[in-house]
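In what follows, a single structure is set out as structure tokens and then discussed.
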Amino acid sequence: MRLRNVPGARETIIENQFSIQEPEQKKGKWAEVFGNDHPIHIEVGMGKGQFIIEMARRNPEVNYIGIEKYSSVLVRAVEKLEDFEQDNLRLIRMDAENIEEVFDKDEVDRIYLNFSDPWPKDRHAKRRLTSTRFLERYNNILTPEGRVMFKTDNKDLFDFSLEQVEEAGWILENHTYDLHHSEYNEGNVMTEYEEKFSAKGNPICRLVAYRHAK
């Protein structure tokens with residue numbers, strides 16, 4: 001799907017107080033950015049920001065960083081921050097492939113992957129954010145107790161992700177093919193896509209995975 005260009009999106013993002021420019025310079029220094037040593041949770045592919053903004057509102061004791069590749073999408077999250085008065089949220093426009101250039105070893109406590117692009121063609125499997133290639137990137141930035149939490153309505157992508165977790169040697173803490181009717185739904189914050197798909201009756205899949213102790 002071709003994204004519609006939003007005139008002035010990049011300028012709006014750059015001028016926003018929550019937006020981080022040249023994030024590579026913050027590698028290993030995110031505690032300084034936030035001015036505290038609270039846990040850092042990141043959302044890779046944050047879309048229009050509904051999930052991460054609400055998570056930041058609910059959990060002031062956690063620092064949140066949203067990553068989005070497209071300015072035309074990220075600007076919609078920026079627009080939602082007009083009445084956001086906390087200081088535990090930052091936004092970055094970047095490609096997820098460069099995540100190791102922005103976060104240091106043991107710097108991230110949790111990674112959220114919500115309704116990621118399924119890249120349905122087999123030749124594009126390595127681009128999926130739950131592929132072993134990306135799990136290795138996450139391995140290099142997560143704390144020893146760090147977790148990856150993944151939600152999707154795409155069952156094929158979910159099955160692929162379960163296979164990749166095992167292939168990468170990670171441990172599956174829990175998973176469900178119907179989150180909203182499971183024991184794991186308490187406290188669940190929905191994304192824009194999640195609201196849309198669940199309203200149509202589509203079950204939401206979710207998994208939580210972590211690495212073997214290093």
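Given the structure is predicted, the values throughout are model-derived calculations rather than measurements.
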Check your understanding: Which residue pairs pass the ring pair (Phe, Tyr, Trp, His ring centres under 6.0 Å) test when at least one of the two sits in residues 117-151, sequence neighbours left out?
Key -> W119-H124

Practice item. Determine whether more than 12 heavy atoms belonging to other residues, nucleotides or ligands lie under 6.0 Å from atom CD of Q21. Key: yes

Exercise for review: Only counting residues at least two apart or in another chain, list the ones meeting ring-ring contact (aromatic ring centres under 6.0 Å, His included) with W30.
Suggested key: F103

Point to revise | For D104, salt bridge (Lys or Arg N to Asp or Glu O under 4.0 Å) partners two or more places apart | key: none

Practice item. Apply the test side chain to side chain contact (heavy atoms under 4.5 Å, CB included) to residues V108 and I65: give CA-CA distance (whole Å), side-chain angles for both, the deciding distance (0.1 Å), then the verdict. Key: CA-CA 10 Å; V108 176; I65 301 173; over 6 Å; no

**Study point:** Over all atoms of both residues, closest heavy-atom pair of R76 and S72
**Key:** CG-O, 3.9 Å

Review point. Quick check: does any side chain N or O of T152 sit under 3.5 Å from a backbone N or O of F158, one acting as donor and the other as acceptor?
Key: no

Review point. With distance as the sole test, does E68 use its side chain to make a donor-acceptor pair with the main-chain N or O of G47 at under 3.5 Å?
Key: yes

Exercise for review: Please name all residues satisfying side chain to side chain donor-acceptor pair (under 3.5 Å) with D83, sequence neighbours left out, ordered by chain then number.
Suggested key: R57

Exercise for review: Determine, stepwise, if the pair Y193 / N114 fulfils side chain to side chain contact (heavy atoms under 4.5 Å, CB included).
Suggested key: CA-CA 9 Å; Y193 279 123; N114 293 319; over 6 Å; no

Point to revise | hydrophobic_cluster_shared for L207 and Y177, side chain cutoff 4.5 Å | key: yes

Point to revise | Under 3.5 Å: donor-acceptor pair, side chain of N139, backbone of R211 | key: no

Review point. Is it true that M149 and M190 fall in one hydrophobic cluster, defined by side-chain heavy atoms closer than 4.5 Å?
Key: no

**Study point:** Test log, rule side chain to side chain contact (heavy atoms under 4.5 Å, CB included), inputs N174 and R206
**Key:** CA-CA 8 Å; N174 61 66; R206 195 199 75 161; 3.0 Å; yes

Review point. Do the non-hydrogen side-chain atoms of P118 and D156 ever get within less than 4.5 Å of each other?
Key: no

Exercise for review: May I have all residue pairs that pass salt bridge (Lys or Arg N to Asp or Glu O under 4.0 Å) and include part of residues 160-180, sequence neighbours excluded?
Suggested key: R147-E173

Review point. After noting the C-alpha distance and the side-chain angles of I42 and I141, does the key distance pass the side chain to side chain contact (heavy atoms under 4.5 Å, CB included) rule?
Key: CA-CA 11 Å; I42 68 176; I141 65 173; 4.2 Å; yes

Exercise for review: Quick one: closest heavy-atom pair of S71 and I13, and the distance?
Suggested key: O-CD1, 3.6 Å

Revision key, fill the gap. With sequence neighbours left out, the residues meeting side chain to side chain donor-acceptor pair (under 3.5 Å) with S161 are T130

**Study point:** Student check: side-chain heavy atoms of I204 and N188 closer than 4.5 Å
**Key:** no

Check your understanding: With a 4.5 Å limit on heavy-atom distance, are the side chains of W170 and V148 in contact?
Key -> yes

Review point. Does any pair with a residue in residues 179-194 pass salt bridge (Lys or Arg N to Asp or Glu O under 4.0 Å), and if so which ones, sequence neighbours excluded?
Key: K80-E192, K151-E194

Check your understanding: Which pairs with one or both residues in residues 78-101 pass ring pair (Phe, Tyr, Trp, His ring centres under 6.0 Å), sequence neighbours excluded?
Key -> F18-F84

Check your understanding: Who are the side-chain contact (heavy atoms from CB on, under 4.5 Å) partners of A125, not counting sequence neighbours?
Key -> R128, F160

Check your understanding: Is there side-chain contact between V62 and H38, with at least one heavy-atom pair below 4.5 Å?
Key -> no

Review point. Which residue pairs satisfy the salt bridge (Lys or Arg N to Asp or Glu O under 4.0 Å) criterion with at least one member in residues 22-50, sequence neighbours excluded?
Key: none

Practice item. Tell me, please, which residues at least two apart from R133 pass salt bridge (Lys or Arg N to Asp or Glu O under 4.0 Å). Key: none

Practice item. Spell out, as yes or no, whether a donor-acceptor pair under 3.5 Å connects the side chain of N140 to the backbone of E136. Key: yes

Point to revise | T176 and N185, any side-chain heavy atoms less than 4.5 Å apart | key: no

Review point. With hydrophobic residues grouped by side-chain heavy-atom distances under 4.5 Å, do I67 and I14 end up in a single group?
Key: no

Point to revise | Over all atoms of both residues, closest heavy-atom pair of I92 and P23 | key: CG2-CG, 3.6 Å

Exercise for review: Determine whether the side chains of N63 and R90 contain a donor N or O and an acceptor N or O closer than 3.5 Å.
Suggested key: no

Check your understanding: So, do H41 and N59 sit near enough that their side-chain heavy atoms are less than 4.5 Å apart?
Key -> no

Practice item. Measure the shortest side-chain to side-chain distance between L89 and M55 over non-hydrogen atoms and say whether it is less than 4.5 angstrom. Key: no

Practice item. Please list all pairs passing the salt bridge (Lys or Arg N to Asp or Glu O under 4.0 Å) test where one or both residues lie in residues 109-123, with sequence neighbours left out. Key: none

